[in-house]
Structures are given as structure tokens and as C-alpha cells.
Amino acid sequence: GRAQIVAAHRANRGRYADNVRMVTRLEGARAITNDTIVAVMIVEYVNDQSAPNGIQAARLTCTLARSQGQWLIAQAHASAAN
């Protein structure tokens, strides 16, 4: 749910310096059914001193499902973006 996603982002954000920012770019999305979408995004952490050229990137694949009129993240998987 939303509270868990917010908590996870806050915990993740705590690992980075204040000047690091997160940039998300949608690579693509496809409706599997009227109530299910798979979306692929590139997430970049910019100004990250621990990463080459200050950018750490990941590919995030999410399955979104509509339930009771709301879109929810049913599944998410992150891997290194090469």
C-alpha cells in the first residue's frame, strides 16, 4: 500500500547525501488487460559520489493492477541498468 511505499522511499533516501536527487524516466508501458499494466522505468540517482560519473542507475519494472478504481503496484523489480 501507499504507506509502505512512502516508508520504503524514505528509508532508501536516507542512504544518500542531501544533494543527491532521483530522476525517473518511463521507458515504456503496455496494457496486459484493461486492469493490468507493465511499466519499465530507468531510475537515476544523480550526484552520487559512490557511482561512476556521479550517476547510479537502475531499471525498475512494475506491474500495476486496478482494484476498486485505484491503480496499485502489484509487483516491482529493480536491476542494474546497463
Side-chain angles (χ1 to χ4, degrees):
R2 183 175 183 85
Q4 292 86 356
I5 293 168
V6 170
H9 275 282
R10 284 189 178 142
N12 186 44
R13 180 70 184 127
R15 298 183 314 159
Y16 296 94
D18 289 341
N19 68 328
V20 174
R21 61 186 171 90
M22 185 173 78
V23 177
T24 304
R25 178 175 40 90
L26 180 66
E27 278 197 323
R30 176 178 292 189
I32 305 302
T33 69
N34 288 337
D35 296 317
T36 309
I37 296 172
V38 173
V40 179
M41 297 161 274
I42 296 294
V43 179
E44 294 180 332
Y45 294 90
V46 180
N47 298 327
D48 184 356
Q49 296 301 313
S50 67
N53 299 317
I55 299 175
Q56 178 182 355
R59 175 168 281 108
L60 179 62
T61 303
C62 293
T63 303
L64 305 158
R66 184 170 27 206
S67 176
Q68 298 176 349
Q70 295 185 19
W71 285 98
L72 305 173
I73 299 172
Q75 179 275 339
H77 174 77
S79 59
N82 298 331

Residues joined to V38 in its hydrophobic cluster, side chain to side chain under 4.5 Å directly or through other members, sorted by chain and number, are I32
Test of understanding: clusters of I, L, V, M, F, W, Y form through side-chain heavy atoms closer than 4.5 Å, transitively. Do V40 and I37 belong to the same one?
no
Nearest-0.5 Å distance that lies between atom CG in L72 and atom CZ in R66
11.0 Å
Separation between CG (D35) and OG (S67), nearest 0.5 Å, reads 9.0 Å
Give a yes or no on this: more than 12 heavy atoms of other residues, nucleotides or ligands lie within 6.0 Å of atom CD of Q70.
no
Heavy-atom donor-acceptor pair, R21 side chain to N47 backbone, under 3.5 Å
no
Under the side-chain contact (heavy atoms from CB on, under 4.5 Å) test against V46, which residue among V23, N19, V20 passes?
V23
Report the residues that fulfil side-chain contact (heavy atoms from CB on, under 4.5 Å) with I42, sequence neighbours left out, ordered by chain and then residue number.
R25, E27, E44, R59, A81
Measure across L26 and M41 and return the closest heavy-atom pair with its distance rounded to 0.1 Å.
CD1-CG, 3.8 Å
So, taking the atom named NE2 in H77 and the one named OG1 in T63, what distance separates them when rounded to the nearest 0.5 Å?
11.0 Å
